[in-house]
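To keep things clear, I will list the structure first and then write my remarks on it.
These figures come from a predicted structure and were not determined experimentally.
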Amino acid sequence: MLQQTPVARVLPVHQAWLDRWPSPAALAAEASGEAVRAWGRLGYPRRALRLHAAAVAIVADHGGVVPDSYDALRALPGVGDYTAAAVAAFAYRQRQVVLDTNVRRVLGRAVSGVEFPPRSVTKAERAVAEELLPADPPTAATWSVAVMELGALVCTADRPRCPTCPVVDRCAWHTAGRPAYDGPPRPVQTYAGTDRQCRGRLLAVLRDAPGSVPKSRLDAAWDIADQRERCLASLVADGLVVATGSGRYSLP
DNA sequence: CACACGTGGAC
DNA sequence: TGTCCAAGTGT
C-alpha cells in the first residue's frame, strides 16, 4: 500500500484490511475483486490485485507464511527490489540494502551533498548504501529502518528539519550550504484527461456497486467513447474488470 | 531505460 | 488554480 502512496492515506485502509484479512490465507480465500474494492481510493489498484495474488502464492508455495528469503519474496507478485529487501530487513531482521525514496534522499544529501537523488537507482547509490550498512544483521536491520525514518520524518523532500537532525554535522549537503537541486527537471506527470484518469473513473463505478453494473453506467462515467472503450478493454486485460455477460461488468 | 500506472493533500 | 509528488513495480 505504501508503494507511491503517502503513509497518512494508507493507515486507515491498512487497519481495516488487517481487521478483515488477518492472514495471507484469509485474503487468498476471497475473490480478488474484494481486494480491489477494499483498496478503495489508494490508487494504482493493480497493487490490490497483486497483493491478493501474493497471498495466493504464499498459501500455495509457502504454507501460508510470508517467506523470509529475499529471493522468495522478490518472486511474489507486486514485490520488487525495495519491498523484498524491506520485508526481509524489517520483519526478519536481516541485513539487506533497503533503498526507497527516503533512504536515497538521506544518503544523497548526507554523503553525496545533493538535494535530490538521481531519477533511478544507480550502482553508485547501491554501493554507498552497502558500504554504510552495518555487518551484524540485526544491527543492519535497525540501521535500515532508522535511515528510512530519518528521511520520512526529518530529512524530508521539502522543508527538511536540519536543526533537529542527528547527523547534521556530518551532512555533506548541509555543510555545503544546502545548495539547490540543479539536475535535470523531473517530467511533469499529467493526469487530467489521461487513460489513467479514465480507468480510475470506470473502476470507481464498479468499486462502489455491490454486484455487476450495466455498461450504460460505465458509459456515463466518461464522455469520450473511444478512450472509454480502450480503457475498459485495458482494465479487462489487466484483470481488474470482468465482463459478466449481457453487457454487464463487475470486479473480478 | 522510459513509460504507464491513481489519488488527493499541500502550497 | 495549477503543479508537485508520496515507503515502486512491471513491461
Side-chain angles (χ1 to χ4, degrees), chain A residues 1-14 35-54 57 70 73-91 96-107 115-123 125-126 129 141 144-160 180-181 183-208 221-222 227 230-241:
Chain A
M1 291 175 180
L2 289 165
Q3 293 167 357
Q4 294 287 283
T5 303
V7 175
R9 200 183 315 161
V10 163
L11 287 176
V13 179
H14 172 261
V36 174
R37 196 189 308 279
W39 198 256
R41 306 186 69 81
L42 285 182
Y44 292 145
R46 291 192 290 195
R47 294 180 296 167
L49 226 43
R50 292 181 183 138
L51 183 51
H52 179 271
Y70 174 88
L73 288 163
R74 186 66 180 74
L76 296 172
V79 177
D81 177 61
Y82 156 71
T83 303
V87 172
F90 303 155
Q96 300 282 166
V97 174
V98 178
L99 266 189
D100 80 321
T101 188
N102 291 301
V103 174
R104 297 182 62 218
R105 187 174 58 248
V106 170
L107 298 186
E115 187 177 19
F116 297 115
R119 185 99 81 251
S120 56
V121 178
T122 64
K123 288 189 174 183
E125 281 185 279
R126 191 162 290 281
S144 294
V145 75
V147 175
M148 203 159 142
E149 288 298 297
L150 186 62
L153 303 178
V154 177
C155 193
T156 50
D158 51 31
R159 302 169 183 269
Y181 176 75
R186 301 186 58 171
V188 290
Q189 180 179 224
T190 58
Y191 184 60
T194 61
D195 284 4
R196 226 145 135 186
Q197 183 184 32
C198 178
R199 285 165 54 104
R201 292 281 176 80
L202 296 176
L203 201 59
V205 171
L206 297 175
R207 209 168 45 221
D208 298 337
W222 196 261
Q227 185 181 26
R230 177 174 71 246
C231 288
L232 180 56
S234 74
L235 286 168
V236 172
D238 289 347
L240 284 163
V241 172

Please determine whether side-chain hydrogen bond (donor to acceptor under 3.5 Å, both in side chains) holds for the pair A:Tyr44 and A:Arg196, giving the CA-CA distance in whole Å, both sets of side-chain angles, and the decisive distance to 0.1 Å.
CA-CA 9 Å; A:Tyr44 292 145; A:Arg196 226 145 135 186; 3.0 Å; yes

Partners passing side-chain hydrogen bond (donor to acceptor under 3.5 Å, both in side chains) against A:Glu149 (at least two apart in sequence or in another chain):
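In terms of side-chain hydrogen bond (donor to acceptor under 3.5 Å, both in side chains), with neighbours along the sequence ignored, A:Glu149 is linked to no residue.
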
Spacing of [X] atom [atom1] relative to [N] atom [atom2], expressed in whole Å:
X        : N     : atom1 : atom2 : value
A:Asp195 : B:dT7 : CG    : P     : 13 Å
A:Tyr181 : C:dC4 : OH    : P     : 13 Å
A:Tyr191 : B:dG8 : OH    : P     : 8 Å
A:Leu203 : B:dG6 : CG    : P     : 8 Å
A:Trp39  : B:dC5 : CH2   : C1'   : 13 Å
A:Gln197 : B:dG8 : CD    : C1'   : 13 Å

Can we say A:Arg230 and A:Asp195 salt-bridge, meaning some charged N sits less than 4.0 Å from an Asp/Glu carboxylate O?
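Yes, this pair counts.
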
For nucleotides 8-11 of chain C, print each protein N/O atom paired with a nucleotide N/O atom at under 3.5 Å, atom names and distance only.
residue : atom : partner : partner atom : Å
C:dG8   : OP2  : A:Gln4  : N            : 3.1
C:dG8   : OP2  : A:Gln4  : NE2          : 3.2
C:dT9   : OP1  : A:Gly80 : N            : 2.8
C:dT9   : OP1  : A:Thr83 : N            : 3.1
C:dT9   : OP1  : A:Thr83 : OG1          : 2.7
C:dT9   : OP2  : A:Tyr82 : N            : 3.3
C:dG10  : OP1  : A:Gly78 : N            : 2.7

Mind checking if [X] touches a base, just sugar-phosphate, or nothing, with heavy atoms under 4.0 Å?
X        : value
A:Arg196 : base
A:Ala8   : nothing
A:Leu42  : base

So, the side chain of [X] versus the backbone of [Y]: is there a donor-acceptor pair under 3.5 Å, distance only?
X        : Y        : answer
A:Arg47  : A:Gly78  : no
A:Glu115 : A:Tyr181 : yes
A:Arg37  : A:Arg207 : yes
A:Arg199 : A:Leu232 : no

OP1 or OP2 of B:dT7 sitting under 4.0 Å from any side-chain N/O of A:Arg207?
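True: A:Arg207 side-chain N/O within range (under 4.0 Å) of B:dT7 OP1/OP2.
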
Under 4.0 Å between a side-chain N/O of A:Arg41 and OP1 or OP2 of B:dG8, yes or no?
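It does, given that an N or O in the side chain of A:Arg41 lies less than 4.0 Å from OP1 or OP2 of B:dG8.
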
Expressed in whole Å, how much space separates the [atom1] atoms belonging to [N] and [M]?
N     : M     : atom1 : answer
B:dC1 : C:dG8 : C1'   : 16 Å
B:dG8 : C:dT9 : P     : 23 Å
C:dC5 : B:dG6 : C1'   : 12 Å
B:dC5 : C:dA6 : C1'   : 14 Å

Heavy-atom donor-acceptor pair, A:Arg9 side-chain to B:dT7 base, under 3.5 Å
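Under the 3.5 Å cut-off, the side chain and the base do form a donor-acceptor pair.
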
Return whichever of A:Asp158 or A:Asp238 has its heavy-atom-nearest nucleotide of DNA chain B closer to the 5' end.
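Counting from the 5' end, the first nearest nucleotide belongs to A:Asp238.
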
Residue mapping more 5' on DNA chain B - nearest nucleotide basis, A:Arg119 or A:Arg199:
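On the 5' side of the pair lies A:Arg119.
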
Do A:Leu206 and A:Leu202 touch side chain to side chain, with heavy atoms closer than 4.5 Å?
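No, too far: nothing below the 4.5 Å cut-off.
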
